[in-house]
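I'd like to ask some things about the structure below.
Each residue takes its place number in the sequence, starting with 1.
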Amino acid sequence: MKSFLLKGKVPIIKWSHLPDNTFFEGKLPEGYSLAIMPSDDYIIVDVDRHGKVDGFDNIPKHLEAELLATLHYDTKNNGRHYWLRNNGAGILANKASGQGIDLRVAYKGYVVWYPKTDIRDRLDEINKTSPAMNVWLKELFSYSTKKK
């Protein structure tokens with residue numbers, strides 16, 4: 001895991017070149033936000049509302065409680081980031097689903113970190129995925145090496 005600064009939505013450094021376990025320390029400068037890139041088995045389900053697409057409408061009802069039980073926070077556009085530990089969903093792709101739900105996976109993507117706390121102090125709040133969550137994640141984000 002690592003954190004780095006964004007100016008607008010743009011990283012101010014080549015974040016993929018930062019060593020793992022490198023974290024921004026201190027107060028955020030005016031006009032910047034903090035990004036976190038997950039590592040290992042950490043994943044982030046990014047639920048958005050864009051125009052007529054509301055990702056919250058596409059979360060299966062039987063998974064809502066599981067998502068609310070793990071580390072999560074609201075985003076500035078009325079969305080939400082849910083942090084999970086992949087516990088059996090296999091290799092997942094860092095991509096959008098087209099349903100207002102995106103996935104950010106280890107070493108591939110990042111999200112804006114909105115809480116005023118340090119992610120390292122919140123890791124124990126991140127739950128492992130259940131078998132039911134794994135099925136849903138595979139349906140939306142399973143990685144495929146097949147060419148279309």
Side-chain angles (χ1 to χ4, degrees), residues 1-16 18 20-21 23-24 28 31-148:
M1 195 169 298
K2 58 182 101 169
S3 67
F4 49 91
L5 293 176
L6 301 173
K7 180 73 172 171
K9 292 188 174 188
V10 179
I12 65 167
I13 58 164
K14 290 197 177 266
W15 59 274
S16 60
L18 274 177
D20 205 12
N21 293 314
F23 294 91
F24 175 82
L28 289 178
Y32 291 83
S33 55
L34 187 65
I36 307 270
M37 186 207 74
S39 62
D40 303 320
D41 57 351
Y42 291 100
I43 58 174
I44 301 115
V45 176
D46 179 4
V47 181
D48 296 313
R49 291 180 165 125
H50 295 294
K52 294 182 181 183
V53 178
D54 186 336
F56 291 99
D57 293 339
N58 295 313
I59 297 172
K61 295 293 180 206
H62 69 282
L63 297 177
E64 289 175 349
E66 181 175 351
L67 288 171
L68 289 173
T70 194
L71 174 64
H72 63 277
Y73 53 87
D74 293 340
T75 64
K76 70 176 184 174
N77 294 322
N78 298 314
R80 191 170 292 143
H81 292 161
Y82 297 98
W83 286 70
L84 296 159
R85 294 196 74 166
N86 184 357
N87 188 39
I91 298 172
L92 299 170
N94 187 78
K95 68 178 187 177
S97 68
Q99 298 179 18
I101 302 170
D102 304 336
L103 189 70
R104 299 294 166 246
V105 300
Y107 310 108
K108 301 281 185 189
Y110 61 85
V111 295
V112 175
W113 177 254
Y114 291 101
K116 301 292 185 206
T117 58
D118 190 315
I119 180 65
R120 295 169 287 183
D121 295 333
R122 310 277 307 267
L123 295 177
D124 62 340
E125 298 173 47
I126 302 172
N127 297 333
K128 291 183 178 180
T129 55
S130 69
M133 181 68 70
N134 292 338
V135 168
W136 181 61
L137 291 170
K138 282 181 187 179
E139 288 173 1
L140 289 179
F141 305 110
S142 65
Y143 178 74
S144 174
T145 58
K146 296 178 184 177
K147 291 184 179 182
K148 292 183 180 184

### Main-chain N/O of His50 paired with Asp48 side-chain donor or acceptor, under 3.5 Å
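It does not hold such a pair.
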### Message
Using 0.5 Å steps for rounding, measure from the CG atom of Leu123 to the CG atom of Leu71.
### Response
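Answer for the CG-CG pair, Leu123 versus Leu71, is 8.5 Å.
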### Message
I need the single residue from Thr70, Leu84, Leu140 that forms a side-chain contact (heavy atoms from CB on, under 4.5 Å) with Val45. Which is it?
### Response
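Testing each of Thr70, Leu84, Leu140 against Val45, the sole residue satisfying side-chain contact (heavy atoms from CB on, under 4.5 Å) is Leu84.
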### Task
Could I get the full list of salt bridge (charged side-chain N to carboxylate O under 4.0 Å, His left out) partners for Glu125, not counting sequence neighbours?
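So Glu125 forms a salt bridge (charged side-chain N to carboxylate O under 4.0 Å, His left out) with Arg122.
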Extract all donor-acceptor atom pairs below 3.5 Å that involve side chains of residues 1-13 and protein atoms in other chains or at least two apart in sequence.
residue	atom	partner	partner atom	Å
Lys2	NZ	Trp15	O	3.3
Lys2	NZ	Leu18	O	2.5
Ser3	OG	Phe24	N	2.8

### Task
Would you check if the side chain of Asn21 reaches a backbone N or O of Phe23 as a donor-acceptor pair within less than 3.5 Å?
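Flag not set: sc Asn21 to bb Phe23 has no pair under 3.5 Å.
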### Atom pair CD1/NZ of Ile126 and Lys128 - distance to nearest 0.5 Å
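Between atom CD1 of Ile126 and atom NZ of Lys128 there are 12.5 Å.
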### Message
Just to verify, what does Asp41 make a side chain to side chain donor-acceptor pair (under 3.5 Å) with, not counting sequence neighbours?
### Response
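Partners of Asp41 under the side chain to side chain donor-acceptor pair (under 3.5 Å) test: Arg85.
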### Message
Do Ile36 and Tyr110 make a side-chain contact, defined as non-hydrogen atoms from C-beta onward lying under 4.5 Å apart?
### Response
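A side-chain contact is absent here, since even the closest heavy-atom pair is not under 4.5 Å.
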### Query
Sequence neighbours excluded, which residues qualify as side-chain contact (heavy atoms from CB on, under 4.5 Å) partners of His81?
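side-chain contact (heavy atoms from CB on, under 4.5 Å) check on His81 returns Ile44, Asp46, Tyr73, Thr75, Trp83, Val111, Tyr114.
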### Query
Does the side chain of Val47 come within less than 4.5 Å of Tyr82's, by heavy atoms?
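Yes, close enough: below the 4.5 Å cut-off.
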### Query
Which pair of non-hydrogen atoms, one from Leu92 and one from Leu137, has the smallest distance, and what is that distance?
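Where Leu92 meets Leu137 most closely, the heavy atoms are CD2-O, 3.8 Å.
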### Query
Going by atom types alone, do Thr129 and Asn87 pair a side-chain donor with an acceptor below 3.5 Å?
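No, no side-chain donor-acceptor pair sits under 3.5 Å.
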#### Entry: Audit row: Leu34, Val112, side chain to side chain contact (heavy atoms under 4.5 Å, CB included) steps and yes/no
CA-CA 6 Å; Leu34 187 65; Val112 175; over 6 Å; no
#### Entry: With sequence neighbours excluded, residues passing salt bridge (charged side-chain N to carboxylate O under 4.0 Å, His left out) with Asp20
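Once residues adjacent in sequence are excluded, Asp20 has no partner under the salt bridge (charged side-chain N to carboxylate O under 4.0 Å, His left out) criterion.
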### Query
Pairs in or reaching into residues 31-40: which pass side-chain hydrogen bond (donor to acceptor under 3.5 Å, both in side chains), with residues at least two apart or in two chains?
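Found Asp40-Tyr107.
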### Query
Who passes side chain to side chain donor-acceptor pair (under 3.5 Å) against Asn94, sequence neighbours left out?
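Partners of Asn94 by the side chain to side chain donor-acceptor pair (under 3.5 Å) criterion come out as none, since no residue qualifies.
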### Message
Looking at Lys138, is its backbone amide N or carbonyl O close enough to the side chain of Asn134 to form a donor-acceptor pair, meaning the two atoms are under 3.5 Å apart?
### Response
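Flag not set: sc Asn134 to bb Lys138 has no pair under 3.5 Å.
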### Task
Report yes if the side chains of Ile101 and Trp136 come closer than 4.5 Å at any heavy-atom pair, otherwise no.
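Yes; the side chains approach each other to less than 4.5 Å.
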### Task
Scan residues 90-102 for pairs that pass salt bridge (charged side-chain N to carboxylate O under 4.0 Å, His left out), counting only residues two or more places apart or in two chains.
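The answer is Asp102-Arg104.
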### Message
For Asp54, give me all partners under side-chain contact (heavy atoms from CB on, under 4.5 Å), at least two apart in sequence or on another chain.
### Response
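Partners of Asp54 by the side-chain contact (heavy atoms from CB on, under 4.5 Å) criterion, ordered by chain and then number, come out as Arg49, Phe56, Asp57.
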Under 3.5 Å donor-acceptor pairs involving side-chain atoms of residues 58-68, not counting sequence neighbours:
residue	atom	partner	partner atom	Å
Asn58	ND2	Gln99	O	2.7
Lys61	NZ	Glu64	OE2	3.3
Glu66	OE1	Ser130	OG	2.6
Glu66	OE2	Ser130	N	2.9
Glu66	OE2	Ser130	OG	3.3

### Message
Counting only heavy atoms from other residues, nucleotides and ligands, does the tally under 6.0 Å from CD1 of Ile91 exceed 12?
### Response
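Counting other residues, nucleotides and ligands, CD1 of Ile91 stays at 12 neighbours or fewer.
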### Query
Can you tell me how far the CG atom of Asn127 sits from the CG atom of Asp124, to the nearest 0.5 Å?
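Rounded to the nearest 0.5 Å, the CG-CG separation comes to 9.5 Å.
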